[in-house]
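Okay, structure first, notes after.
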Amino acid sequence: MKDSQYAEVLLAWYDANKRALPWRMDSRVGQVDVYRVWVSEIMLQQTTVETVKGYYGRFIERWQTVDALASAERDEVLLFWQGLGYYRRAHGLHEAARKVVAEHKGVFPRDDASLRALPGIGAYTSAALRAIAFGEAVLPLDGNIKRILARLLALNKPVEREGRTLEAFGQRLVPRQRSGDFAQAMMDLGATICLPRQPRCGICPYQKGCLAYRKNKASAYPYRAPKKERPHRYAVFFWIENEHGAYWLEKRPEKGLLAGLMICPSTPWRDKAWGKNDWRAYGDKKQQWQMVEGHIVHVFTHFTLHATIAYGRSKDRRPTSKATEGVWVSHGKEKDYALSTLMRKVIAHKYKQGAP
DNA sequence: AAGGCGGGGTA
DNA sequence: TACCCAGCCTT
(Lines give C-alpha, C1' and ligand atoms only; values in the text may rest on other atoms or scores of the structure.)
Protein backbone atom coordinates (compact mmCIF):
# COMPACT_ATOMS: atom_id res chain seq x y z
CA MET A 1 0.00 0.00 0.00
CA LYS A 2 1.10 3.56 -0.65
CA ASP A 3 1.48 5.82 2.36
CA SER A 4 -1.53 7.93 1.46
CA GLN A 5 -3.80 4.89 1.20
CA TYR A 6 -3.45 3.95 4.87
CA ALA A 7 -5.41 6.97 6.05
CA GLU A 8 -7.97 6.63 3.28
CA VAL A 9 -8.67 2.98 4.03
CA LEU A 10 -8.72 3.42 7.77
CA LEU A 11 -10.99 6.48 7.84
CA ALA A 12 -13.50 4.60 5.72
CA TRP A 13 -13.35 1.73 8.18
CA TYR A 14 -13.64 4.16 11.09
CA ASP A 15 -16.76 5.82 9.70
CA ALA A 16 -18.37 2.44 9.22
CA ASN A 17 -17.41 1.04 12.63
CA LYS A 18 -17.25 4.09 14.86
CA ARG A 19 -17.59 3.46 18.56
CA ALA A 20 -19.56 6.02 20.51
CA LEU A 21 -17.39 7.21 23.36
CA PRO A 22 -18.32 9.99 25.78
CA TRP A 23 -15.30 12.12 24.88
CA ARG A 24 -15.39 11.45 21.16
CA MET A 25 -16.46 14.18 18.78
CA ASP A 26 -16.61 14.21 15.00
CA SER A 27 -14.12 16.82 13.84
CA ARG A 28 -16.28 17.56 10.82
CA VAL A 29 -19.38 18.37 12.84
CA GLY A 30 -19.07 20.46 15.97
CA GLN A 31 -16.46 22.37 17.92
CA VAL A 32 -14.03 20.18 19.76
CA ASP A 33 -13.66 21.14 23.40
CA VAL A 34 -9.95 21.02 24.23
CA TYR A 35 -10.68 20.76 27.93
CA ARG A 36 -12.77 17.63 27.46
CA VAL A 37 -10.24 16.01 25.17
CA TRP A 38 -7.50 16.83 27.65
CA VAL A 39 -9.34 15.32 30.64
CA SER A 40 -10.06 12.17 28.62
CA GLU A 41 -6.47 11.82 27.45
CA ILE A 42 -5.10 12.13 30.97
CA MET A 43 -7.60 9.57 32.28
CA LEU A 44 -6.81 7.21 29.42
CA GLN A 45 -3.07 7.13 30.11
CA GLN A 46 -2.31 3.46 30.77
CA THR A 47 -5.99 2.94 31.49
CA THR A 48 -8.58 1.10 29.45
CA VAL A 49 -11.56 2.76 27.81
CA GLU A 50 -14.00 0.69 29.86
CA THR A 51 -12.45 1.81 33.13
CA VAL A 52 -12.41 5.48 32.15
CA LYS A 53 -16.08 5.46 31.16
CA GLY A 54 -17.05 5.22 34.81
CA TYR A 55 -15.04 8.30 35.76
CA TYR A 56 -15.12 10.68 32.82
CA GLY A 57 -18.77 11.68 32.90
CA ARG A 58 -18.83 12.40 36.59
CA PHE A 59 -15.64 14.43 36.39
CA ILE A 60 -16.78 16.55 33.44
CA GLU A 61 -20.13 17.16 35.03
CA ARG A 62 -18.49 18.34 38.24
CA TRP A 63 -15.91 20.57 36.52
CA GLN A 64 -17.12 21.65 33.08
CA THR A 65 -14.34 24.09 32.22
CA VAL A 66 -10.67 24.51 32.89
CA ASP A 67 -11.50 27.55 35.04
CA ALA A 68 -13.82 25.49 37.20
CA LEU A 69 -11.18 22.82 37.67
CA ALA A 70 -8.55 25.42 38.49
CA SER A 71 -10.74 26.66 41.33
CA ALA A 72 -11.34 23.18 42.73
CA GLU A 73 -9.96 21.78 45.95
CA ARG A 74 -7.26 19.17 45.50
CA ASP A 75 -8.96 16.78 47.89
CA GLU A 76 -12.17 16.87 45.88
CA VAL A 77 -10.29 16.19 42.66
CA LEU A 78 -8.74 13.16 44.37
CA LEU A 79 -12.18 12.11 45.56
CA PHE A 80 -13.35 11.92 41.96
CA TRP A 81 -10.16 10.12 40.95
CA GLN A 82 -10.14 7.48 43.69
CA GLY A 83 -9.80 3.96 42.33
CA LEU A 84 -8.58 5.09 38.93
CA GLY A 85 -4.92 4.76 39.85
CA TYR A 86 -1.76 6.69 38.97
CA TYR A 87 -2.81 9.48 41.28
CA ARG A 88 -0.07 11.79 40.10
CA ARG A 89 -2.35 12.31 37.11
CA ALA A 90 -5.00 13.86 39.35
CA HIS A 91 -2.49 16.15 41.03
CA GLY A 92 -1.06 17.10 37.63
CA LEU A 93 -4.48 17.68 36.07
CA HIS A 94 -5.38 20.11 38.82
CA GLU A 95 -2.01 21.85 38.71
CA ALA A 96 -2.10 22.09 34.91
CA ALA A 97 -5.57 23.65 35.03
CA ARG A 98 -4.25 26.31 37.36
CA LYS A 99 -1.32 26.95 35.04
CA VAL A 100 -3.56 27.26 31.99
CA VAL A 101 -5.59 29.88 33.84
CA ALA A 102 -2.64 31.69 35.37
CA GLU A 103 -0.21 31.59 32.46
CA HIS A 104 -2.44 31.28 29.39
CA LYS A 105 -5.53 33.24 30.44
CA GLY A 106 -7.58 30.07 30.52
CA VAL A 107 -6.90 29.18 26.89
CA PHE A 108 -4.96 26.01 26.12
CA PRO A 109 -1.74 26.62 24.19
CA ARG A 110 -1.49 24.91 20.80
CA ASP A 111 2.22 24.34 20.43
CA ASP A 112 4.11 21.27 21.54
CA ALA A 113 6.56 23.02 23.87
CA SER A 114 3.89 24.92 25.79
CA LEU A 115 1.68 21.86 26.08
CA ARG A 116 4.52 19.74 27.37
CA ALA A 117 5.33 22.36 29.97
CA LEU A 118 2.03 21.42 31.63
CA PRO A 119 2.30 18.61 34.18
CA GLY A 120 1.02 15.29 32.89
CA ILE A 121 1.42 16.16 29.21
CA GLY A 122 4.24 14.31 27.48
CA ALA A 123 5.01 13.46 23.88
CA TYR A 124 1.93 11.31 23.41
CA THR A 125 -0.65 13.56 25.04
CA SER A 126 0.71 16.67 23.36
CA ALA A 127 0.40 15.01 19.96
CA ALA A 128 -3.05 13.64 20.79
CA LEU A 129 -4.32 17.08 21.78
CA ARG A 130 -2.82 18.74 18.71
CA ALA A 131 -4.33 16.12 16.41
CA ILE A 132 -7.73 15.67 18.04
CA ALA A 133 -8.42 19.12 19.42
CA PHE A 134 -6.49 21.34 16.99
CA GLY A 135 -6.46 19.31 13.78
CA GLU A 136 -2.69 19.38 13.43
CA ALA A 137 -1.33 16.65 11.14
CA VAL A 138 0.55 14.67 13.77
CA LEU A 139 0.18 11.08 14.94
CA PRO A 140 0.30 10.39 18.66
CA LEU A 141 2.15 7.15 19.39
CA ASP A 142 0.44 5.18 22.13
CA GLY A 143 0.69 1.48 22.89
CA ASN A 144 -1.94 0.55 20.31
CA ILE A 145 -0.46 2.59 17.49
CA LYS A 146 3.09 1.44 18.20
CA ARG A 147 1.91 -2.14 18.00
CA ILE A 148 0.15 -1.51 14.68
CA LEU A 149 3.14 0.27 13.17
CA ALA A 150 5.51 -2.43 14.41
CA ARG A 151 3.36 -5.01 12.64
CA LEU A 152 2.95 -3.03 9.45
CA LEU A 153 6.76 -2.84 9.27
CA ALA A 154 7.45 -6.22 10.89
CA LEU A 155 10.02 -4.58 13.12
CA ASN A 156 12.50 -7.08 14.43
CA LYS A 157 13.65 -5.11 17.44
CA PRO A 158 11.84 -4.25 20.68
CA VAL A 159 9.49 -1.30 20.12
CA GLU A 160 11.02 0.45 23.10
CA ARG A 161 14.13 0.99 21.00
CA GLU A 162 12.42 1.83 17.73
CA GLY A 163 11.00 5.21 18.63
CA ARG A 164 12.53 7.06 15.71
CA THR A 165 11.54 4.48 13.12
CA LEU A 166 7.96 4.40 14.37
CA GLU A 167 7.81 8.18 14.59
CA ALA A 168 9.05 8.64 11.04
CA PHE A 169 6.83 5.96 9.55
CA GLY A 170 3.75 7.05 11.48
CA GLN A 171 4.23 10.63 10.43
CA ARG A 172 4.18 9.62 6.77
CA LEU A 173 0.73 8.10 7.16
CA VAL A 174 -1.03 11.07 8.74
CA PRO A 175 -3.58 12.73 6.47
CA ARG A 176 -3.72 16.52 6.30
CA GLN A 177 -7.44 16.42 6.91
CA ARG A 178 -9.02 14.57 9.84
CA SER A 179 -5.74 13.85 11.61
CA GLY A 180 -7.62 13.55 14.90
CA ASP A 181 -10.04 11.02 13.50
CA PHE A 182 -7.13 9.13 12.01
CA ALA A 183 -5.42 8.91 15.40
CA GLN A 184 -8.60 7.67 17.05
CA ALA A 185 -9.22 5.27 14.20
CA MET A 186 -5.77 3.78 14.70
CA MET A 187 -6.48 3.35 18.41
CA ASP A 188 -9.80 1.69 17.65
CA LEU A 189 -8.07 -0.61 15.21
CA GLY A 190 -5.60 -1.57 17.94
CA ALA A 191 -8.34 -2.05 20.51
CA THR A 192 -10.68 -4.15 18.38
CA ILE A 193 -8.70 -5.81 15.57
CA CYS A 194 -4.95 -5.46 15.85
CA LEU A 195 -5.08 -7.05 19.31
CA PRO A 196 -1.91 -7.83 21.27
CA ARG A 197 -2.45 -11.58 21.58
CA GLN A 198 -4.73 -12.76 18.81
CA PRO A 199 -5.01 -10.14 16.09
CA ARG A 200 -8.07 -10.52 13.89
CA CYS A 201 -6.21 -10.19 10.62
CA GLY A 202 -9.07 -11.74 8.68
CA ILE A 203 -11.17 -8.60 9.04
CA CYS A 204 -8.36 -6.03 9.16
CA PRO A 205 -8.48 -3.17 6.65
CA TYR A 206 -4.67 -3.10 6.68
CA GLN A 207 -4.24 -6.71 5.66
CA LYS A 208 -2.76 -5.84 2.30
CA GLY A 209 -0.35 -3.29 3.71
CA CYS A 210 0.94 -5.30 6.67
CA LEU A 211 4.32 -6.96 6.45
CA ALA A 212 3.75 -9.02 9.60
CA TYR A 213 0.55 -10.43 8.12
CA ARG A 214 2.31 -11.23 4.88
CA LYS A 215 4.82 -13.23 6.88
CA ASN A 216 1.90 -14.87 8.65
CA LYS A 217 3.41 -13.81 11.97
CA ALA A 218 1.29 -10.89 13.10
CA SER A 219 0.98 -12.11 16.68
CA ALA A 220 4.78 -12.35 16.98
CA TYR A 221 4.98 -8.54 16.86
CA PRO A 222 5.77 -6.27 18.49
CA TYR A 223 8.94 -7.62 19.99
CA ARG A 224 9.21 -6.81 23.65
CA ALA A 225 12.14 -6.51 25.95
CA PRO A 226 11.91 -9.14 28.70
CA LYS A 227 10.36 -7.81 31.87
CA LYS A 228 11.53 -8.12 35.41
CA GLU A 229 10.05 -10.12 38.19
CA ARG A 230 7.73 -8.29 40.56
CA PRO A 231 9.04 -8.30 44.14
CA HIS A 232 6.91 -8.84 47.24
CA ARG A 233 6.55 -6.43 50.14
CA TYR A 234 4.92 -6.78 53.51
CA ALA A 235 3.04 -4.42 55.81
CA VAL A 236 1.00 -4.46 58.99
CA PHE A 237 -1.82 -1.88 59.05
CA PHE A 238 -2.87 -0.45 62.39
CA TRP A 239 -6.63 -0.37 62.67
CA ILE A 240 -7.25 2.05 65.54
CA GLU A 241 -10.82 2.31 66.71
CA ASN A 242 -12.18 4.92 69.13
CA GLU A 243 -15.02 4.66 71.63
CA HIS A 244 -17.54 5.52 68.90
CA GLY A 245 -16.39 2.70 66.65
CA ALA A 246 -14.72 5.04 64.17
CA TYR A 247 -11.27 4.22 62.82
CA TRP A 248 -8.25 6.40 62.20
CA LEU A 249 -7.01 7.34 58.72
CA GLU A 250 -4.05 9.50 57.80
CA LYS A 251 -3.23 11.45 54.70
CA ARG A 252 -0.35 10.19 52.59
CA PRO A 253 2.35 12.61 51.42
CA GLU A 254 1.60 14.73 48.34
CA LYS A 255 4.18 12.87 46.28
CA GLY A 256 4.92 9.22 45.69
CA LEU A 257 2.75 6.15 46.01
CA LEU A 258 -0.98 6.84 46.53
CA ALA A 259 -0.17 10.52 46.95
CA GLY A 260 -2.67 12.51 48.97
CA LEU A 261 -5.00 9.60 49.68
CA MET A 262 -6.21 8.52 53.10
CA ILE A 263 -4.88 5.29 54.60
CA CYS A 264 -4.43 3.47 57.88
CA PRO A 265 -1.09 4.01 59.59
CA SER A 266 1.22 1.08 59.07
CA THR A 267 4.64 -0.37 59.51
CA PRO A 268 7.09 0.31 56.70
CA TRP A 269 6.34 -1.77 53.63
CA ARG A 270 9.47 -3.88 53.73
CA ASP A 271 10.63 -6.77 51.56
CA LYS A 272 10.65 -9.29 54.42
CA ALA A 273 7.55 -10.68 56.10
CA TRP A 274 6.79 -9.33 59.58
CA GLY A 275 7.23 -11.72 62.48
CA LYS A 276 5.22 -12.32 65.61
CA ASN A 277 6.14 -9.09 67.40
CA ASP A 278 8.64 -7.03 65.42
CA TRP A 279 5.94 -4.83 63.88
CA ARG A 280 4.89 -3.55 67.31
CA ALA A 281 7.78 -1.10 67.36
CA TYR A 282 5.93 0.96 64.75
CA GLY A 283 2.62 1.15 66.62
CA ASP A 284 1.58 2.71 69.88
CA LYS A 285 3.51 0.73 72.52
CA LYS A 286 0.78 1.17 75.12
CA GLN A 287 -1.78 -0.29 72.79
CA GLN A 288 -3.14 -3.80 73.18
CA TRP A 289 -2.92 -5.03 69.61
CA GLN A 290 -4.72 -8.08 68.29
CA MET A 291 -4.15 -9.53 64.86
CA VAL A 292 -7.15 -9.70 62.55
CA GLU A 293 -7.57 -13.10 60.94
CA GLY A 294 -6.43 -13.48 57.33
CA HIS A 295 -4.49 -11.14 55.09
CA ILE A 296 -4.79 -8.93 52.01
CA VAL A 297 -2.88 -9.11 48.76
CA HIS A 298 -2.70 -6.08 46.52
CA VAL A 299 -0.72 -5.84 43.29
CA PHE A 300 0.97 -2.60 42.35
CA THR A 301 2.89 -2.02 39.14
CA HIS A 302 6.27 -2.66 40.69
CA PHE A 303 5.58 -4.84 43.72
CA THR A 304 2.97 -7.07 45.35
CA LEU A 305 1.90 -6.04 48.82
CA HIS A 306 0.93 -8.58 51.49
CA ALA A 307 -0.81 -6.94 54.41
CA THR A 308 -2.22 -7.96 57.74
CA ILE A 309 -4.23 -5.86 60.16
CA ALA A 310 -3.52 -5.20 63.82
CA TYR A 311 -6.60 -4.08 65.72
CA GLY A 312 -6.55 -1.81 68.77
CA ARG A 313 -8.82 0.56 70.66
CA SER A 314 -7.80 4.04 71.61
CA LYS A 315 -9.37 6.65 73.84
CA ASP A 316 -7.18 9.48 72.68
CA ARG A 317 -6.69 10.31 69.04
CA ARG A 318 -2.98 9.69 68.96
CA PRO A 319 -1.75 8.91 65.47
CA THR A 320 0.90 6.26 65.22
CA SER A 321 2.96 7.91 62.52
CA LYS A 322 4.18 11.35 61.55
CA ALA A 323 1.37 12.17 59.15
CA THR A 324 0.27 15.77 59.40
CA GLU A 325 -3.41 15.13 58.80
CA GLY A 326 -5.71 12.46 60.10
CA VAL A 327 -9.36 11.81 60.67
CA TRP A 328 -11.72 9.45 62.47
CA VAL A 329 -13.97 7.71 59.97
CA SER A 330 -17.22 5.93 60.77
CA HIS A 331 -18.14 2.92 58.72
CA GLY A 332 -20.43 4.13 55.96
CA LYS A 333 -18.79 7.56 55.75
CA GLU A 334 -15.92 6.40 53.57
CA LYS A 335 -17.33 8.13 50.52
CA ASP A 336 -16.30 11.48 51.95
CA TYR A 337 -12.64 10.54 51.60
CA ALA A 338 -10.34 9.65 48.73
CA LEU A 339 -9.30 6.05 49.27
CA SER A 340 -7.14 3.76 47.18
CA THR A 341 -8.37 0.36 46.13
CA LEU A 342 -5.83 -1.07 48.56
CA MET A 343 -7.44 0.80 51.45
CA ARG A 344 -10.89 -0.33 50.33
CA LYS A 345 -9.64 -3.90 50.50
CA VAL A 346 -8.32 -3.33 54.02
CA ILE A 347 -11.65 -1.85 55.14
CA ALA A 348 -13.66 -4.63 53.53
CA HIS A 349 -11.45 -7.26 55.11
CA LYS A 350 -11.68 -5.71 58.56
CA TYR A 351 -15.46 -5.53 58.51
CA LYS A 352 -15.76 -9.01 57.10
CA GLN A 353 -13.68 -10.40 59.96
CA GLY A 354 -15.23 -8.25 62.68
CA ALA A 355 -13.42 -7.56 65.94
CA PRO A 356 -10.90 -10.23 66.90
C1' DA B 1 17.94 3.89 30.08
C1' DA B 2 15.57 2.40 33.95
C1' DG B 3 12.45 2.50 37.53
C1' DG B 4 8.35 4.47 40.18
C1' DC B 5 3.70 4.96 39.67
C1' DG B 6 -2.65 1.69 40.15
C1' DG B 7 -5.92 -0.89 38.86
C1' DG B 8 -8.69 -3.76 36.04
C1' DG B 9 -9.78 -6.62 31.88
C1' DT B 10 -8.56 -10.66 29.31
C1' DA B 11 -6.99 -15.23 27.49
C1' DT C 1 -1.14 -16.58 35.98
C1' DA C 2 0.79 -13.13 32.81
C1' DC C 3 0.15 -9.48 29.82
C1' DC C 4 -1.30 -5.06 28.60
C1' DC C 5 -3.63 -0.74 28.63
C1' DA C 6 -5.07 6.57 24.59
C1' DG C 7 2.23 7.39 29.52
C1' DC C 8 4.71 10.71 32.49
C1' DC C 9 8.35 11.92 35.35
C1' DT C 10 12.54 11.41 38.03
C1' DT C 11 16.97 9.55 38.54
Side-chain angles (χ1 to χ4, degrees), chain A residues 19 21-24 36-56 78 81-93 95-96 115-133 138-148 150 158-161 163 170 180-192 194-200 219 222-231 233 252-261 263 269 297-305 338-345:
Chain A
R19 296 192 293 171
L21 299 175
W23 48 87
R24 181 164 287 175
R36 291 180 177 233
V37 176
W38 170 56
V39 170
S40 75
E41 288 299 340
I42 299 296
M43 284 188 171
L44 286 160
Q45 288 169 3
Q46 291 290 285
T47 310
T48 56
V49 164
E50 282 309 311
T51 302
V52 170
K53 279 182 180 173
Y55 287 83
Y56 178 78
L78 284 174
W81 204 272
Q82 61 176 319
L84 192 54
Y86 287 142
Y87 298 94
R88 176 162 56 186
R89 295 183 294 173
H91 292 265
L93 197 67
E95 184 57 29
L115 285 169
R116 293 185 62 170
L118 298 170
I121 299 184
Y124 164 79
T125 305
S126 168
L129 287 176
R130 282 178 288 140
I132 297 170
V138 292
L139 181 66
L141 295 184
D142 75 324
N144 283 309
I145 298 180
K146 286 178 185 171
R147 180 174 62 255
I148 295 169
V159 282
E160 292 83 354
R161 301 183 48 184
D181 288 344
F182 178 66
Q184 295 182 80
M186 287 285 269
M187 294 186 240
D188 275 12
L189 187 72
T192 62
C194 198
L195 301 169
R197 308 287 188 81
Q198 294 177 295
R200 305 161 69 187
S219 60
Y223 284 28
R224 294 274 184 202
K227 53 183 62 169
K228 306 204 162 132
E229 204 171 322
R230 192 186 342 250
R233 291 191 193 168
R252 291 184 59 87
E254 291 300 317
K255 296 194 172 191
L257 187 69
L258 307 178
L261 302 187
I263 196 167
W269 300 7
V297 179
H298 186 74
V299 180
F300 290 97
T301 307
H302 53 301
F303 64 93
T304 298
L305 182 69
L339 304 176
S340 61
T341 296
L342 163 64
M343 194 54 219
R344 299 216 171 263
K345 286 184 186 175

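These figures come from a predicted structure and were not determined experimentally. Just so we're on the same page: letters track the sequence lines, and every chain starts at 1. Values reported hereafter were calculated over all heavy atoms of this structure, with side chains retained and with hydrogens, waters and symmetry mates removed.
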Contact class for [X] vs. all strands (heavy atom < 4.0 Å): base, sugar-phosphate, or nothing?
X        : value
A/Trp38  : nothing
A/Pro119 : sugar-phosphate
A/Ile121 : sugar-phosphate
A/Glu160 : nothing
A/Tyr124 : base
A/Ser340 : sugar-phosphate
A/Ile145 : nothing
A/Gly83  : sugar-phosphate
A/Ala123 : sugar-phosphate

[atom1] of [X] versus [atom2] of [N]: gap in Å, rounded?
X        : N      : atom1 : atom2 : answer
A/Arg200 : B/dA11 : CZ    : P     : 10 Å
A/Gln45  : B/dG6  : CD    : C1'   : 13 Å
A/Leu257 : B/dG3  : CG    : C1'   : 14 Å
A/Arg344 : B/dG6  : CZ    : P     : 16 Å
A/Leu305 : B/dC5  : CG    : P     : 12 Å
A/Lys228 : B/dG3  : NZ    : C1'   : 8 Å
A/Gln46  : B/dG3  : CD    : P     : 16 Å
A/His298 : B/dG7  : NE2   : C1'   : 7 Å

Quiz prompt | Spacing of the P atoms in C/dA6 and B/dG3 (rounded, Å) | solution = 24 Å

Quiz item: Roughly how far apart, to the nearest Å, are C/dC5 and B/dG6 at atom C1'?
Solution: 12 Å

Quiz item: Checking only heavy atoms, does the side chain of A/Thr47 share a donor-acceptor pair with the base of B/dG6 at less than 3.5 Å?
Solution: yes

Quiz prompt | Counterpart residues, side-chain hydrogen bond (donor to acceptor under 3.5 Å, both in side chains), relative to A/Gln46 (two or more places apart) | solution = none

Quiz item: Within the side chain of A/Tyr55, is there an N or O that forms a donor-acceptor pair under 3.5 Å with the backbone of A/Leu84?
Solution: yes

Quiz item: Quick check: does any side chain N or O of A/Arg230 sit under 3.5 Å from a backbone N or O of A/Thr301, one acting as donor and the other as acceptor?
Solution: yes

Exercise. Would you please confirm or rule out a distance under 4.0 Å between OP1 or OP2 of B/dG7 and any side-chain N or O of A/Thr341?
Key: yes

Quiz item: Taking only N and O in the side chain of A/His302, is any of them less than 4.0 Å away from OP1 or OP2 of B/dC5?
Solution: yes

Practice problem: Return the 5'-most residue of the pair A/Arg147, A/Gly122 with respect to DNA chain C, ranking by each residue's nearest nucleotide. | Solution: A/Arg147

Practice problem: Nearest-nucleotide wise, let me know which of A/Thr48 and A/Arg88 is further upstream toward the 5' end of DNA chain C. | Solution: A/Thr48

Exercise. Using distance alone, with no hydrogens and no angle criterion, decide if A/Arg36 and A/Ser40 have a side-chain donor and acceptor under 3.5 Å apart.
Key: no

Quiz item: Looking only at side chains, do A/Thr47 and A/Arg89 share a donor and an acceptor under 3.5 Å apart?
Solution: yes

Practice problem: Quick one: closest heavy-atom pair of A/Gly190 and A/Arg147, and the distance? | Solution: O-NH2, 2.9 Å

Exercise. On DNA chain C, reading 5' to 3', which nucleotide is the first and which the last to sit with an atom under 4.0 Å from a heavy atom of chain A, could you check?
Key: C/dA2 to C/dC9

Quiz item: Taking everything shown except A/Arg19 itself, do over 12 heavy atoms lie less than 6.0 Å from its CZ?
Solution: yes

Quiz item: Starting at the 5' end of DNA chain B and moving along, which residue's nearest nucleotide shows up first, A/Arg233 or A/Arg161?
Solution: A/Arg161

Quiz item: Name the one of A/Val49, A/Val52, A/Thr51 that satisfies side chain to side chain contact (heavy atoms under 4.5 Å, CB included) with A/Met43?
Solution: A/Val52

Quiz item: Do A/Ile145 and A/Tyr124 have side chains that get closer than 4.5 Å, going by heavy atoms?
Solution: no

